Number of protein chains: 2
Amino acid sequence: MSPPTEFPRVLSELVRTNQAFLNYAAIHAYTLELTLPQLDIILTLGHAFGMTFKRLGEKTLITKGTLTGIINRMEHKGLVQRIASKTDGRSQIVRLTTAGQTLFEQAVPEHLDYVNQLFKEYSLEDIATLESTLLRLRKAIFAAHGDGSEKPVDEIAGWCTQVKAVCKNYQEGDVVGPC
Amino acid sequence: MSPPTEFPRVLSELVRTNQAFLNYAAIHAYTLELTLPQLDIILTLGHAFGMTFKRLGEKTLITKGTLTGIINRMEHKGLVQRIASKTDGRSQIVRLTTAGQTLFEQAVPEHLDYVNQLFKEYSLEDIATLESTLLRLRKAIFAAHGDGSEKPVDEIAGWCTQVKAVCKNYQEGDVVGPC
DNA sequence: CCTATTTAGTTCTAATAAGAACCAAATATA
DNA sequence: TATATTTGGTTCTTATTAGAACTAAATAGG
């Protein structure tokens, strides 16, 4: 089979659709005077009585360097608080404040209604098809990485660094370790 | 029908799959000592003998404020150059330098092969299904915006601002213009 | 022809993104 | 028990993101 001659349109479509959705979701977040990552965090914390940074990063796919900054800004807005872990001196628990909880209770029905109306013309089968095709692609991506398992964010990030190093070294002709 | 009680898993899947793909693509960009947006610009410019910022922004979905900064950095790397437009005093043409063109010729086959191998287990029908389900969602998002047409980036951005203003005003009980 | 409006690209601001380096705490190993 | 390694969160750096405000140029309208 001859080498491919153009960028797969389906991947362009993936990126465009994702961007369109994020812009759409950001509009509603904006009415709550939140950014999208901040809203995502509120929706994640609202279902828990506090969460470690590690866990919160895993659930929201925000890397830890970035997460520290976002939590700082949300703490400054009075939406969350940090509580030292009783069981791990390194850890802190992030919890919604009373104001954060109030915002969560307001935001949830609004946001769910807002995003679910995208699917008002969809059947359950339509939704299942879209979801399974996306999952299949995500699995293909992980398979192409050479590791079929899905990893927590920082492991993925750490692993990306390793793969990048291997790619770069391989390009330069160096001996590489086991892949 | 009762109000939805959870965030649609399919949208979480969209965001995760997109992020997985961007991480995957970034790995290859990294071997070329480029960021993903920079690689995207090189792949876009490589097929043209120069392009205005406006056109480049439309094709890459990068807003113009951001694009100026990226082109500055690429110019500093010696990959692109700016040429004043002969027909519009406001415009500049962005064109790959010789080094940029060389990198383009190296990058294209590598990158196309790299991303196309995600689909080695896919049939043409599989790809078409994924693409059409994504396109349908994207159209649903635009429909939910209240405007079924797809717009160039800045128009979309400008339009988002208008919608945000209307949403915000509506929340506050003000009289709003026609929607 | 003159005035008003729109547009192309730049500058600026705030937020986010990714990831390396760091330090202290936890865990693993000998 | 002591040493080595890993981990949680922070700080720092670089890049990107979005969008408002700006200036000069182009276009529209009277």
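Within every chain, numbering begins at 1; the chains are lettered A, B, ... in the order of the sequence lines, protein sequences first and strands thereafter. Only a predicted model underlies this, so the values are computations on that prediction, with no experimental measurement involved.
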For D:dT17, does either OP1 or OP2 sit under 4.0 Å from a side-chain N or O belonging to A:Gln19? no
Could you tell me if A:Asn72 and A:Arg82 have a donor-acceptor pair between their side chains, going purely by distance under 3.5 Å? yes
Heavy-atom check, side chain of A:Val94 versus side chain of A:Met74, under 4.5 Å: no
Kindly give the atom pairs (protein nitrogen or oxygen, nucleotide nitrogen or oxygen) under 3.5 Å for nucleotides 2-6 of chain D.
none

Would you indicate, yes or no, if C:dA8 has its OP1 or OP2 atom less than 4.0 angstrom from a side-chain nitrogen or oxygen of B:Lys54? yes
Kindly indicate whether the side chain of A:Thr66 and the base of C:dA18 share any N or O donor-acceptor pair separated by less than 3.5 Å? yes
Options C:dG9, C:dA15, D:dG9, nucleotide nearest the side-chain atoms of A:Gln38: C:dA15
What is the separation between atom CG on B:Leu22 and atom C1' on D:dT17, rounded to the nearest whole Å? 13 Å
Can a side chain N or O of B:Ser91 be found less than 4.0 Å away from OP1 or OP2 on C:dG9? yes
Need to verify one output field. Residue with the more 5' nearest nucleotide on DNA chain C, A:Gly65 or B:Thr52? B:Thr52
Could you identify which residues of residues 68-83 of chain B place a heavy atom less than 4.0 Å from some atom of DNA chain C, listed by residue number, or say none? B:Thr68, B:Arg82
Same hydrophobic cluster for A:Leu96 and B:Phe7, using side-chain heavy-atom links shorter than 4.5 Å among ILVMFWY? yes
Considering only C:dA17, C:dA26, C:dG9, which nucleotide approaches the side chain of A:Asp88 most closely? C:dA26
Is there a donor-acceptor pair under 3.5 Å between the side chain of B:Tyr24 and the backbone N or O of B:Gln19? no
Atom of B:Ile141, atom of A:Ala20 and distance for their closest heavy-atom approach: CG2-O, 3.6 Å
Quick check: is A:Leu135 connected to A:Val10 through a chain of hydrophobic side chains (ILVMFWY, heavy atoms under 4.5 Å apart)? no
In whole angstrom, give the distance that lies between atom CG of A:Asn18 and atom P of C:dA17. 12 Å
Can you check the B:Gln92 CD to D:dA25 P distance for me, whole Å? 12 Å
When rounded to whole Å, the CG to C1' distance for the pair B:Leu67 and D:dG19 reads 14 Å
Are the charged groups of B:Arg136 and A:Asp126 less than 4.0 angstrom apart, N to O? yes
Using whole Å, what does the distance between atom P of nucleotide D:dG19 and atom CG of A:Asn23 come to? 6 Å
Determine yes or no for a side-chain-to-main-chain donor-acceptor pair under 3.5 angstrom, with B:Thr52 supplying the side chain and B:Ile93 the backbone. no
More than 12 heavy atoms of other residues, nucleotides or ligands under 6.0 Å from NZ of B:Lys77: is that the case? yes
Could you state the atom-to-atom distance from CG of B:Asp40 to P of D:dT16 in whole Å? 11 Å
Could you tell me whether A:Arg9 and A:Glu13 have a side-chain N and a carboxylate O separated by less than 4.0 Å? no
Atom pair distance, as rounded to whole Å: NZ in B:Lys64 and P in D:dA20: 11 Å
What is the separation between atom CG on A:Leu61 and atom P on C:dT16, rounded to the nearest whole Å? 16 Å
